[in-house]
Structure formats: C-alpha cells, structure tokens
Asks: 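What follows is a structure written as structure tokens; I'll ask about it next.
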Amino acid sequence: MLYQEVCDMEHENEALKARVKLLEDKLGEDSGDKPYRCRDCKNFVQHYSRTGNMYHPLYCGHCKAGARIKRRVREDESCSYFEKTAMKNVFV
C-alpha cells in the first residue's frame, strides 16, 4: 500500500515537472514577471566551499556594488543595485 502511494507520487511529480518546463518555455527567459534575484545580477559574487579538490556553491554571496562593507546575501534576495547579467548562471 505504501509502495503504491510512493509510486503514484513519483508519477505525479514527473507530470508536474513536465508542466513547469512547458510553462518556463512559454514564458521565455526575458519574461517581465520574473522577480529580480541577486544570483541574476552582475554585481553578485557567489560564495563557495571547498571539499578536497572540489568547490561547491553555498547559495549565498555578496554584492560588490554600493557600500564597501560586504554583506552576505542569499541568492534569491535583491537590492536597489540590481543589474541584469548578460550570461545565464549555471546554478538554478
């Protein structure tokens, strides 16, 4: 019984992922409805953690615009210094 519920949820999850992908394709990259996020700003500097010889994103960083004090920000925040970056970020 529990196994069947898990299988049903997995199928539903795959269907929802397909719907989200379809909606993202319809909206396109330059949709005006998308919020400004620090990770999409050219002033955002991503922070990383090193494990052995690999680097992993911490999903936070700092803004190099504005005040000289580096305030740690989450990547989904935004500020008045936002400037859209020309290149797309790898981490979504």
Side-chain angles (χ1 to χ4, degrees):
M1 180 173 192
L2 182 60
Y3 173 77
Q4 185 59 39
E5 289 179 24
V6 170
C7 287
D8 292 343
M9 285 184 197
E10 289 177 347
H11 290 296
E12 182 181 2
N13 189 23
E14 291 300 318
L16 290 172
K17 284 182 182 180
R19 280 185 166 176
V20 167
K21 176 71 174 143
L22 180 65
L23 288 172
E24 287 175 345
D25 291 343
K26 283 185 179 182
L27 286 175
E29 183 62 24
D30 296 327
S31 173
D33 296 337
K34 291 186 178 181
Y36 296 129
R37 296 177 296 203
C38 284
R39 70 177 178 195
D40 298 326
C41 179
K42 74 177 191 175
N43 296 314
F44 180 70
V45 178
Q46 178 74 51
H47 290 179
Y48 292 89
S49 173
R50 183 175 175 189
T51 306
N53 62 351
M54 300 282 293
Y55 288 91
H56 306 281
L58 295 177
Y59 303 105
C60 67
H62 68 270
C63 180
K64 58 184 181 177
R68 297 278 306 172
I69 298 173
K70 295 179 180 176
R71 182 178 76 86
R72 186 173 240 188
V73 295
R74 292 188 356 231
E75 66 179 4
D76 59 347
E77 290 183 70
S78 186
C79 69
S80 60
Y81 300 108
F82 181 84
E83 293 182 45
K84 183 76 173 164
T85 183
M87 63 181 205
K88 184 174 178 164
N89 286 330
V90 176
F91 304 105
V92 175

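Computed from a predicted structure; not experimentally measured. Note: hydrogens, waters and symmetry copies are ignored here, and every other heavy atom, side chains too, is used.
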Asks: Roughly how far apart are Lys64 NZ and Phe44 CZ, rounded to 0.5 Å?
Replies: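 Rounded to the nearest 0.5 Å, the NZ-CZ separation comes to 11.5 Å.
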Asks: Show me, pair by pair, the donor-acceptor contacts under 3.5 angstrom made by side chains of residues 8-15, not counting sequence neighbours?
Replies:
from : atom 1 : to   : atom 2 : distance (Å)
Asp8 : OD1    : Gln4 : NE2    : 3.0

Asks: Quick check: does any side chain N or O of Arg19 sit under 3.5 Å from a backbone N or O of Lys21, one acting as donor and the other as acceptor?
Replies: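 Not at all, since once roles are kept as given, no pair shorter than 3.5 Å links the two residues.
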Asks: Take the angle between the ring planes of His47 and His62 and call it parallel below 30°, perpendicular above 60°, tilted in between.
Replies: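 Correct class here is tilted.
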Asks: Can you name the closest pair of heavy atoms from Gln46 and Leu58 and give their distance?
Replies: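 Between these two residues, the closest heavy atoms are NE2-N, 3.8 Å.
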